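Inspection log for the structure reproduced underneath, given as structure tokens.
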Amino acid sequence: MSYNFNEIEKKWQTKWQEEKLFSVEVDQNKPKFYVLDMFPYPSGAGLHVGHPLGYIASDIYSRYKRLKGFNVLHPMGYDAFGLPAEQYAIQTGQHPATTTERNINRYREQMDRLGFSFDWDREVRTCDPDYYHWTQWMFLELFKHWFNNKTQKAETIDSLIALIEKEGNKNIEATCNVKTPEISADDWAKMTEEEKQNFLQNYRLAYQDETFVNWCPKLGTVLANDEVKEGLSVRGGHPVEQKKMKQWLLRVSAYSQRLLDGLDTIDWTESLKEIQRNWIGRSEGATVYFPIENHSERLEIFTTRPDTLFGASFMVLAPEHEWVEKITTPEQKNVVEDYIFQTKKKTERDRISDVKNVTGAFTGAYCLHPFTGKQIPIWVGDYVLSGYGTGAIMAVPGHDQRDYDFAKQFNLPIIEVVAGGNLEEEAYAAKDGKLINSDFMNGLRVPEAIKKTNEELEKQQKGSPKINFRLRDAIFSRQRYWGEPIPIYYKNGIPYPLPEDQLPLELPKVNSYLPTEEGEAPLGRAKDWKYSSEEHYELTTMPGFAGSSAYYLRYMDSKNNNELVSKEKNEYWENVDLYVGGSEHAVGHLIYSRFFNKFLFDIGKVCKDEPFKKLINQGMIQGRSNFVYRKKGTNTFVSYNLKKDHDVTPIHVDVNIVHNDHLDLEAFKNWREEYKDAQFILEEDGHYLCGNTIEKMSKSLFNVVNPDKIVEDYGADTLRLYEMFLGPIEQSKPWNTSGIEGVSRFLHKVWRFCFDENNQLVLTDEEPNPTELKILHTAIKKVEEAIETFSLNIGVSSLMICLNDLTKENCKKKPIIRPFLTLLSSFAPHLSEEIWQRLGEKESVCFSTFPSWEQKYLVENTYTYPISINGKKKFLKEISLDLNKEEIEKVALEDEKTQSFLQGKQIKKIIVVPKRIVNIVI
RNA sequence: GGUUCCCUGGUGGAAUUGGUUUACACAGUGGAUUUAAAAUCCAUGCCUCGUUAAGAGGUUGCGGGUUCAAGUCCCGCGGGAACCACCA
């Protein structure tokens, strides 16, 4: 028996676990390195072959860094709160904690079989009260802080109160609610406790507000913006509507600018940074005030094109705008109310799919142009969104397509103010051209005009330059059971933070996971779950992103009962050096984590401003589905190439009973009761050929490949190598088991290289020769480069090439094999460890030293130059590297072959690039 | 509609960053070993012309450009992916 991977892998996994080999502590004598995987949500389906891709890559990197002498923190845990467990609980009545625990155990079992070097002593679970204690603590800290725009930092609410007591909020520049009123110190002093608390909600970083939210009736909860796509919930795809509700929110928008600036300091892919930049959506423009006729107030709008101010021919308010009711004239009241009623009925999805249908209503009111004083009609239209800017716009139909369409629909004037377009057909939106019809700006180019308007607006106090962000505050309440309770209690209807010594506020038991009859969240069912007899707790729970937003900090100090993370441990581990996970978290988790981290940085809790220095997005591994074709209305199945002659329905078939697209007929009959008597129409060669397609790996498509099966058949080391060998880590690719033979053969070859048929070691202590050293050092260099650049597929190839070359040299020498095993150990730790031990080494190969390659073994004295004429390669010639350019040229020209190609033709030029090429131009 | 990115053998993918394609692996074909199979090893492997061979020419989605030299840089077209999108 040769390489017995099952036995070897079990042996080493047990040993590593028993000896807690990968458990780490702060060690000031060693440089630290923090490698983190996005922790999984433990679903009931278990791991498929795609899930471990990132874990394998990060494990290889961690092992490599250990060999390089780093103190490597490489933890794992579970994102255990969430909807699927709760849905399952509603259906079965089982407590989500029970099913979650079961799923976690299954995940752990599967992961353990792959030989990961996780420090399991630091495991965290977001649903564990010892963990969510700190999630709740962070919420309270957010509640107790506000964001000072002057310092661009979070500061305590007490400092805000002190400022207001002194001089009101006039000089305070904060990120706060749009409708925050201006008050004096006197006003403040006169406020009741309730009024004060309500007023402070305008400033808190975790605050309660009544706003329009994404309400998903099917899920029975509100959702954050990143959980909604095209009017449907990301999870489940249910319709989402806008509903006004009182909710907890996080003032993420306060950090917009810092979230944007921080992107320049971190090593993420450009595409991912771009996604975040889009999501944050910074746009520069101006706020302009339009006085309303016969009203004391002025209408405030945001525009990115202040230069087109003279082209504004009407105003549009969002239907939800608070002044719509106030300014609508009696004559228009019915029309406007009817219009608002119609828009309210529409779901978000309708509103989006209805883009082509321009709708709106005239309020009957007018405002006055700030510079000309001209009357401008005010309309209501649902193409203006209440959540962005001020929820009101000045419409410039000449230079904005949406305004243009609106003007055409309702026959409103279109004024050209930037020359260059053809307004008969469409708006001219380009920021290029000279201003016309614009009073003091006539003749200016667009950028100059923008500057000029801004100056003029400020001078006359009719507006000011303004930067707007698309990033909204995150809705933090979920009307669900399986999440962290929000540590708030109500006294006389006013929310107060729970005292810190009351944390964690544990999730109470309930008899059902559905909302109460009164429509309260499920926590309303918990009996006696109150802060005191009069003061009840908040009934909503936190969203999924709450628990995952700072878990990387908790790993540093997971057992600490006094704080999230101690200063000492945080200052040692700092932040994550390498973060590996899927790009689906680009605008959710990865924005929230950065937000939380920046906040914790502001309050002095963590020492780094950004949480993740480098980020790698691993691609998805897709499934390869197989089909059989059933003749309609029969139980007869037609083979792939013959199906065109019949009327057939394709049916997904379990890929485990298909080999190389050939269906195992017996297995198919046994697969399901209904196919027991199946008949087949076969190909000429007597096989049933299945169709195939590439799609998501999913249980319902019967294309799931289970890693357990692969480990059983080929070993964990083979699976690890193969997943890396499949291609660049960032690319999505379909799983194809047939290629796994190649890497499996490689590992068997490694074994046979070291042992004979009786498993006796055949290696000697003999000194290696220069050829062997060259092979080895080439491999060291390549593997090191490959791991550093995360091109792990190249790493595997390099190891294969090395072994092939050594086999050709018949090199059976320990001094060569030892470093080779160290290189291999990151990829195939079990096999390397076994051979390492059999070589007589005492220490684990995982803690040996990564060999360094030396130039002297790689130096060549000749280089094979391609000799080309007019850029076309003619032949190859070995030329000594000692020669200088002129000498190389001479050697190349004197060659017989060169002469025969030249045939006496005139040489115009000769290009010699040392160690590259000799090119002769004739 | 906007932004970012991709396109190399039958397949997954390499290519010293502008240096003369297709490393490594899979599948295929031919052979060796074997009673046989498995396992292993060797050879072969882009296209066209050439009976074979020697050889010649072409070739990185298509077309053009820059350059002594282009898979790599630039422009246009075609195909695909991801993200954003009534964001004023």
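In what follows, chains are A, B, ... by sequence order, proteins preceding strands, each numbered from 1. Below, all heavy atoms of this structure are taken into account, side chains as well, without hydrogens, waters or symmetry copies. This is a predicted model, so every value here is computed, not measured.
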Decide yes or no, distance alone: a donor-acceptor N/O pair under 3.5 angstrom between the base of rC68(B) and the side-chain of Asn919(A). yes

From rU16(B), rA25(B), rG13(B), nucleotide with atom closest to Asn793(A) side chain: rG13(B)

Considering residues, nucleotides and ligands other than Lys812(A), do more than 12 of their heavy atoms fall under 6.0 Å from its NZ? yes

Its glycosidic angle compared against 90° from 0, rU17(B) adopts the form syn

Name the residue closer to the 5' end of RNA chain B, choosing between Ser868(A) and Ser797(A) according to the nucleotide with the nearest heavy atom. Ser868(A)

Checking contacts here: which listed nucleotide (rU40(B), rC68(B), rG58(B)) is nearest the side-chain heavy atoms of Lys872(A)? rG58(B)

Stems involving RNA chain B, each a run of at least 3 consecutive Watson-Crick or G-U pairs under 3.5 Å: B:1-7 with B:78-84, B:10-12 with B:24-26, B:28-32 with B:40-44, B:46-49 with B:55-58, B:61-65 with B:73-77

Which of the following nucleotides, rC87(B), rA25(B), rC68(B), is nearest to the side chain of Phe725(A)? rA25(B)

Is the base of rG9(B) syn or anti, where syn means the angle lies within 90° of 0? syn

Just compare rA15(B), rC87(B), rC24(B) and give me whichever is closest to any side-chain atom of Ile794(A). rA15(B)

Between Asp403(A) and Arg752(A), just flag the one whose closest nucleotide in RNA chain B comes earlier from the 5' side. Arg752(A)

For atom P, what is the distance between rG19(B) and rU52(B), given to the nearest Å? 36 Å

Just how far, in rounded Å, is P of rU4(B) from CD1 of Ile275(A)? 13 Å

Could you check which of rC83(B), rG19(B), rA85(B) has an atom nearest any side-chain atom of Trp279(A)? rA85(B)

Does Arg745(A) make a side-chain donor-acceptor contact with the base of rC26(B), cut-off 3.5 Å? no

Within residues 299-314 of chain A, which residues have any heavy atom lying less than 4.0 Å from an atom of RNA chain B? Phe302(A), Thr303(A), Thr304(A), Arg305(A)

Does NZ or CZ of Lys466(A) fall inside the cone over Phe302(A)'s six-membered ring, less than 6.0 Å from its centre and within 45° of the axis? no

